[in-house]
Amino acid sequence: MINEFTMIDVAILTLLAATAVTVARIRDLWAAIMFTGIYSFLSASWMLSLDAPDVAFTEAAVGAGIATVLFLCTLALTGKNEKRFPRFSPVPFLVVTITGAVLVYGTLDMPHFGDPDAPVHQYPSPSFVERSQDDMHGLPNVVTAVLASYRGYDTMGETAVIFTAGTAVILILRKEEDPDDKADGSEEEAA
Amino acid sequence: MSLEQFLGLYNYWIVIFLMMTGFYIVISRGNLIRSIIGLNIFQTSVFLLYITMGKISGGTAPIIPPALAAAHSPHDEHTLDAHGEHALNGHSVDEPGAAAGEPIANGAAELAEHVEEIAEPVSAAVTIADGPIYSNPLPSVLMLTAIVVGIATTAVALALIVRIREDYGTIEEDEILAVDRRS
């Protein structure tokens, strides 16, 4: 049961938990943003070990790259002096402890990690892997096939969301007097 | 609690811990950028929760190796169609069995049944059945969409923060509320 995969798993998860706690406790806002980038990159690594390379690439590029750049741009425009806060605030901690306990109770019924009999794997997945071979004329990546073809309308809607967000960013940041936009708009287009 | 159950569930627990850390950052700090950081951490944890459910132990990424794909690509269409129909029939035969409570062991066993059912025809089907187990592609697809939508909402939120800073001169929640009360 305990193999090298479990060890990698445990190592990455420990690093993830440590990074998240650091983000919660660190006072410097700039450092917190950098730790968020590290957090995204660690999750990308874990996704790679969980057989989701496409998501790992996207998370590394978008989560660790573009999001960090956007945060840093915002920080440059707003100033990095944050009010002193107490390192530990009891009421929010109580709330998240109770919520977390309820969620953990909910996991007790869940199928175990890596279980091939899990309900997730029963209905659509085998037919997607098998059908895409016939339908896609030898396209090797099943994720691409599902994303661009079987769920093509979903991806089109996603593109519409990005366009709307880009327009919204430009409209929000536009000055009434001088028409030149802030740099954030063009970065959003790149996203 | 047995060791097996612990090993089967601990990654859900870690993911819940990460989620709750993000939630804590959102609700405990008044700084708006800090809240968005917490929201980002929460969001990434949700991605991890989905991806971890898609993993099959011993499986590999859902990318068909070129050799297998070539063996299955349209070199003769009618055999492929026949195989496809057989596969469909196999499924419809499988379903009542599953409904009757007989568990489908796993993907490999299911494919092996298919091979037995279509024992006489093409060799291509046998190659497929011998192929690797693939992890579930569907969570990956859903999370790809979610990541891109997530960065879009983050960008809008950050633009709003920049705007709030221009108007109020601060991004601390209590100071913004104080300014609102004074006006």
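Chain letters run A, B, ... following the sequence lines, proteins first, then strands; residues in each count from 1.
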*Asks:* A/Trp30, A/Ile66: one ILVMFWY side-chain cluster at the under-4.5 Å cut-off?
*Replies:* yes
*Asks:* Are A/Ser89 and B/Tyr24 side-chain neighbours, meaning at least one heavy-atom pair lies under 4.5 Å?
*Replies:* yes
*Asks:* Kindly compute the distance separating CD (A/Glu158) from CD1 (B/Ile147), expressed to the nearest 0.5 Å.
*Replies:* 10.0 Å
*Asks:* Count the heavy atoms of every other residue, nucleotide or ligand shown that sit under 6.0 Å from CZ of A/Phe41, and state whether that count exceeds 12.
*Replies:* no
*Asks:* Does any part of the side chain of A/Leu70, heavy atoms only, come nearer than 4.5 Å to the side chain of B/Ile151, both counted from C-beta?
*Replies:* yes
*Asks:* To the nearest 0.5 Å, tell me how far B/Ile25 CD1 sits from A/Arg25 CZ.
*Replies:* 11.5 Å
*Asks:* Is there a path of hydrophobic side-chain contacts, each under 4.5 Å between heavy atoms of I/L/V/M/F/W/Y residues, joining B/Leu18 to A/Ile98?
*Replies:* no
*Asks:* Counting only non-hydrogen atoms closer than 4.5 Å, does A/Ile33 touch chain B with its backbone (N, CA, C, O), its side chain (CB onward), both, or neither?
*Replies:* both
*Asks:* Hey, could you give me the CG/CG distance between A/Leu103 and B/Leu49, rounded to the nearest 0.5 Å?
*Replies:* 9.5 Å
*Asks:* How long is the span from the CH2 atom in B/Trp13 to the CG atom in A/Leu13, to the nearest 0.5 Å?
*Replies:* 13.0 Å
*Asks:* What parts of residues 172-182 of chain B touch chain A if we use heavy atoms and a cut-off under 4.5 Å?
*Replies:* B/Glu172, B/Asp174, B/Glu175
*Asks:* Could you walk me through whether A/Tyr150 and B/Val141 satisfy the side chain to side chain contact (heavy atoms under 4.5 Å, CB included) test, starting with their C-alpha distance in whole Å, then the side-chain angles of each, then the deciding distance to 0.1 Å, before giving a yes or no?
*Replies:* CA-CA 10 Å; A/Tyr150 296 117; B/Val141 175; over 6 Å; no
*Asks:* Is any side-chain heavy atom of A/Asp51 closer than 4.5 Å to one of B/Tyr134?
*Replies:* no
*Asks:* Dump the intermediate steps for side chain to side chain contact (heavy atoms under 4.5 Å, CB included) on A/Val142 and B/Ile63, then the final yes or no.
*Replies:* CA-CA 6 Å; A/Val142 183; B/Ile63 298 172; over 6 Å; no
*Asks:* Using modelled atom types only, decide if a donor and an acceptor are shared between the side chain of B/Tyr12 and the backbone of A/Met110 within a distance under 3.5 Å.
*Replies:* no
*Asks:* Nearest 0.5 angstrom please: B/Arg163 CZ to A/Leu171 CG, how far?
*Replies:* 11.5 Å
*Asks:* Quick one: does A/Trp46's side chain get under 4.5 Å of B/Ile51's, heavy atoms only?
*Replies:* no
*Asks:* Contact part of B/Ile171 toward chain A, heavy-atom cut-off under 4.5 Å: side chain, backbone, both or neither?
*Replies:* side chain
*Asks:* Given side chains that start at C-beta, do those of B/Arg165 and A/Leu77 come closer than 4.5 Å, heavy atoms only?
*Replies:* no
*Asks:* Using non-hydrogen atoms and a 4.5 Å limit, figure out which bit of B/Ile27 sits close to chain A: side chain, backbone, both or neither.
*Replies:* both
*Asks:* Can you name the nearest heavy-atom pair linking A/Leu173 to B/Ala159, along with the distance?
*Replies:* CD2-O, 3.7 Å
*Asks:* Could you state the interatomic distance from CD1 (B/Ile164) to OG1 (A/Thr78), rounded to the nearest 0.5 Å?
*Replies:* 11.0 Å
*Asks:* Do you know which of A/Val91, A/Val23, A/Asp115, A/Val161 has the most heavy-atom pairs with chain B at a distance under 4.5 angstrom?
*Replies:* A/Val23
*Asks:* Which atoms of B/Phe17 are under 4.5 Å from chain A, going by heavy atoms: the side chain, the backbone, both sets, or neither?
*Replies:* side chain
*Asks:* Is there a side-chain contact between A/Asp54 and B/Ser140 in this structure, where contact means two heavy atoms from C-beta onward sitting under 4.5 Å apart?
*Replies:* no
*Asks:* Need one label for B/Ile14: side chain, backbone, both or neither, based on atoms under 4.5 Å from any heavy atom in chain A.
*Replies:* side chain
*Asks:* For the interface with chain A, which of B/Thr153, B/Thr170, B/Thr154, B/Ile33 has the highest count of heavy-atom pairs at distances below 4.5 Å?
*Replies:* B/Ile33
*Asks:* If I compare all heavy atoms of B/Arg34 with all of A/Arg27, which pair ends up nearest, and what's the gap?
*Replies:* NH2-O, 3.1 Å
*Asks:* Is chain B contacted by the side chain of A/Val95, its backbone, both, or neither, given a heavy-atom distance below 4.5 Å?
*Replies:* side chain
*Asks:* Just wondering, do A/Phe113 and B/Ile56 contact through their side chains at under 4.5 Å, heavy atoms?
*Replies:* no
*Asks:* Are A/Leu42 and A/Ile8 in one and the same hydrophobic cluster, where Ile, Leu, Val, Met, Phe, Trp and Tyr link if side-chain heavy atoms are under 4.5 Å apart?
*Replies:* yes
*Asks:* Please report the shortest heavy-atom distance between A/Leu108 and B/Gln5, naming the atom on each side.
*Replies:* O-NE2, 4.3 Å
*Asks:* If I measure from the heavy atoms of chain B, does A/Ile26 come under 4.5 Å with its side chain, its backbone, both, or neither?
*Replies:* both
*Asks:* Does any heavy atom of chain A fall under 4.5 Å from the side chain of B/Ser28, the backbone, both, or neither of them?
*Replies:* both
*Asks:* Taking a hydrophobic cluster as the set of Ile, Leu, Val, Met, Phe, Trp and Tyr residues connected by side-chain heavy atoms closer than 4.5 Å, whether directly or through intermediates, do B/Leu144 and A/Leu48 fall within one such cluster?
*Replies:* no
*Asks:* Just wondering, more than 12 heavy atoms not from B/Tyr50 lying within 6.0 Å of its OH?
*Replies:* no
*Asks:* Grab the two heavy atoms, one from B/Met143 and one from A/Val55, that are nearest each other, plus how far apart they are.
*Replies:* CB-CG1, 4.1 Å
*Asks:* Side chain, backbone, both or neither: which part of B/Leu32 has an atom under 4.5 Å from a heavy atom of chain A?
*Replies:* neither
*Asks:* Is there a side-chain contact between A/Val169 and B/Leu158, using heavy atoms and a 4.5 Å cut-off?
*Replies:* no
*Asks:* Using non-hydrogen atoms and a 4.5 Å limit, figure out which bit of A/Thr68 sits close to chain B: side chain, backbone, both or neither.
*Replies:* neither
*Asks:* Please rank A/Val146, A/Thr107, A/Asp154, A/Leu16 by heavy-atom pairs under 4.5 Å with chain B and give me the top one.
*Replies:* A/Thr107
*Asks:* So which heavy atom on A/Val96 is nearest to which on B/Met20, and how close?
*Replies:* O-SD, 3.6 Å
*Asks:* Quick one: do the A/Tyr39 and B/Ser45 side chains pair a donor with an acceptor below 3.5 Å?
*Replies:* yes
*Asks:* Look at the side-chain heavy atoms of Ile, Leu, Val, Met, Phe, Trp and Tyr, link any pair under 4.5 Å apart, and say whether B/Val46 and B/Val149 land in one connected group.
*Replies:* no
*Asks:* Please flag which part of B/Asn11 lies under 4.5 Å from any non-hydrogen atom of chain A: side chain, backbone, both or neither.
*Replies:* both
*Asks:* On a heavy-atom basis, which atom in B/Leu48 and which in A/Ser43 lie closest, and how many Å separate them?
*Replies:* CD2-CB, 3.7 Å
*Asks:* Please flag which part of A/Thr155 lies under 4.5 Å from any non-hydrogen atom of chain B: side chain, backbone, both or neither.
*Replies:* neither
*Asks:* B/Ile16 versus chain A, heavy atoms under 4.5 Å apart: side chain, backbone, both or neither?
*Replies:* side chain
*Asks:* B/Val15 versus chain A, heavy atoms under 4.5 Å apart: side chain, backbone, both or neither?
*Replies:* side chain
*Asks:* In terms of heavy-atom proximity below 4.5 Å to chain B, should A/Ala168 be classed as side chain, backbone, both, or neither?
*Replies:* side chain
